[in-house]
Enquirer: 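Please read through the structure below; I'll follow up with questions.
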Amino acid sequence: MKTLVKICLIPFLFGIVSTQYVIAKVKMNEQQVQIVKQLKKQGILPNTTYYQFDYLPALDNQDSFPEKSLYLSVNELETNPNMYIMATQSIAQVQLNKNFQYSQIIQLDRNIIEVIYPTDSFQSLDDGVYFYTLDEHKQLQKKNSFNDVYLLPSYLRIEKNTVLW
C-alpha cells in the first residue's frame, strides 16, 4: 500500500509543480510581450544606447526589461526635473539587445550637494545651467554641457536663476 501511494503521489506532485511553473512562465512572457510592445510604440530600438535614471538592477539581466523612461541623449536626461528630487543622482547608460533586454549597463551614483547662495565668483553668470570640474591645481574648469561631465566621478553644476519672488 505504501508503495502504491508513493507511485501515485510523486507523479501527482511533480505534475502540479510542473503545471505551476509553466503557468508562471507564460504569465511572465505575456508581461514581457506587453513591455516590448510599449517600448516599440515609444520608438525604442534594440542595440541602441540609452540613458535612464534610478536604474535598479534585476536579479537576472536575462529577464530584465526597461520599465522606466529611456532617453536618447544624456542632455535630455539632465534636464528632467525628477533627477533632482533626491540628494543623489543615479544615471545608467544602458544598451538593449535584440529582445529589448538590458545587455550592457554602466551605472553612476553620486551624492548631490546643493548650494543655495552661490559665491561671488558665479554672480557674473547669466541665468542658466553651467558645469565645472576641478583641474589638478584645484582650479575651476568650465565645461560646455552635462555630456562633458556625467562620466566623471564629480563635477560642479551651477544653476542660476535671478527671478525675484
Side-chain angles (χ1 to χ4, degrees), residues 24 27-165:
K27 284 184 180 180
M28 188 168 48
N29 285 340
E30 288 174 4
Q31 272 184 326
Q32 291 172 350
V33 166
Q34 293 300 324
I35 291 171
V36 169
K37 283 182 183 177
Q38 183 65 29
L39 291 172
K40 286 180 179 179
K41 190 186 294 185
Q42 294 171 6
I44 303 297
L45 301 171
N47 301 316
T48 304
T49 299
Y50 293 97
Y51 300 90
Q52 176 179 340
F53 69 90
D54 287 341
Y55 168 80
L56 293 173
L59 294 175
D60 182 8
N61 281 347
Q62 298 298 331
D63 296 325
S64 63
F65 289 85
E67 295 181 11
K68 292 192 177 191
S69 297
L70 298 176
Y71 299 86
L72 268 175
S73 79
V74 74
N75 288 332
E76 289 176 40
L77 178 65
E78 196 275 332
T79 57
N80 187 320
N82 293 330
M83 282 261 297
Y84 304 104
I85 291 174
M86 303 298 287
T88 60
Q89 181 185 69
S90 176
I91 300 173
Q93 180 178 325
V94 300
Q95 190 170 42
L96 306 177
N97 65 16
K98 65 180 179 173
N99 298 322
F100 291 87
Q101 297 168 320
Y102 291 116
S103 63
Q104 294 179 1
I105 301 160
I106 298 172
Q107 187 171 3
L108 300 169
D109 292 316
R110 298 186 186 93
N111 292 326
I112 295 175
I113 299 171
E114 186 171 345
V115 178
I116 297 175
Y117 301 105
T119 63
D120 291 337
S121 58
F122 300 113
Q123 292 300 327
S124 63
L125 296 174
D126 293 331
D127 285 0
V129 178
Y130 303 90
F131 299 95
Y132 293 89
T133 60
L134 292 176
D135 64 13
E136 62 275 356
H137 304 292
K138 306 221 184 315
Q139 299 297 312
L140 287 176
Q141 299 296 312
K142 187 175 181 193
K143 299 297 180 179
N144 294 326
S145 69
F146 184 61
N147 199 37
D148 295 338
V149 298
Y150 88 97
L151 284 175
L152 300 174
S154 65
Y155 62 90
L156 182 61
R157 179 182 185 272
I158 304 295
E159 183 171 353
K160 186 170 179 194
N161 188 353
T162 56
V163 176
L164 298 176
W165 297 84

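Computed from heavy atoms alone, side chains included, the values below leave out hydrogens, waters and symmetry copies.
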Enquirer: For Pro46 and Lys98, work out which heavy atoms get closest and say how close.
Expert: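 Shortest heavy-atom separation between Pro46 and Lys98 comes out as CB-CA, 3.7 Å.
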
Enquirer: Under the ring-ring contact (aromatic ring centres under 6.0 Å, His included) test, which residues partner Tyr51, sequence neighbours left out?
Expert: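 Once residues adjacent in sequence are excluded, the partners of Tyr51 under the ring-ring contact (aromatic ring centres under 6.0 Å, His included) criterion are Tyr150.
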
Enquirer: For Arg110 and Ser154, what are the C-alpha separation, side-chain angles and deciding distance, and is it a side chain to side chain contact (heavy atoms under 4.5 Å, CB included)?
Expert: CA-CA 8 Å; Arg110 298 186 186 93; Ser154 65; 5.8 Å; no

Enquirer: Is there a donor-acceptor contact under 3.5 Å from the side chain of Tyr50 to the main chain of Ser69?
Expert: no

Enquirer: Quick one: closest heavy-atom pair of Phe100 and Lys40, and the distance?
Expert: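 Smallest interatomic distance, heavy atoms only, reads CE1-CE, 3.5 Å.
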
Enquirer: Using side chain to side chain contact (heavy atoms under 4.5 Å, CB included), reason through Leu156 and Thr133 one step at a time and then give a plain yes or no.
Expert: CA-CA 6 Å; Leu156 182 61; Thr133 60; over 6 Å; no

Enquirer: The criterion is side chain to side chain donor-acceptor pair (under 3.5 Å); which residues satisfy it with Gln141, sequence neighbours excluded?
Expert: Asp135

Enquirer: Over all heavy atoms of both residues, which pair between Leu96 and Tyr102 is shortest? Give the atoms and the distance, please.
Expert: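 That closest heavy-atom pairing would be CD2-CD2, 3.9 Å.
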
Enquirer: Mind checking the CD1-CD spacing from Ile91 to Gln52? Nearest 0.5 Å is all I need.
Expert: 11.5 Å

Enquirer: Has Lys143 got a side-chain atom pairing as donor or acceptor with Asp148's backbone, closer than 3.5 angstrom?
Expert: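 Not at all, since once roles are kept as given, no pair shorter than 3.5 Å links the two residues.
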
Enquirer: Could you tell me which non-hydrogen atom of Asn47 sits nearest to which non-hydrogen atom of Asn97, and how far apart they are?
Expert: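 The answer is OD1-CA, 3.9 Å.
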
Enquirer: What closest approach, in Å, do Leu151 and Gln93 show between heavy atoms, and which atom pair accounts for it?
Expert: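 Distance-wise, the nearest heavy atoms are CD2-OE1, 4.4 Å.
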
Enquirer: Phe146 vs Arg157, test: side chain to side chain contact (heavy atoms under 4.5 Å, CB included). Steps then yes/no.
Expert: CA-CA 9 Å; Phe146 184 61; Arg157 179 182 185 272; 5.9 Å; no

Enquirer: Identify, with sequence neighbours excluded, every residue that meets side chain to side chain donor-acceptor pair (under 3.5 Å) alongside Asn144.
Expert: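 In terms of side chain to side chain donor-acceptor pair (under 3.5 Å), with neighbours along the sequence ignored, Asn144 is linked to no residue.
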
Enquirer: Locate the shortest heavy-atom distance separating Ser145 from Phe131; write the atom from each residue and the value.
Expert: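 That closest heavy-atom pairing would be C-CD1, 3.6 Å.
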
Enquirer: Rounded at 0.5 Å granularity, tell me how far CZ in Phe53 sits from CG in Leu70.
Expert: 11.0 Å

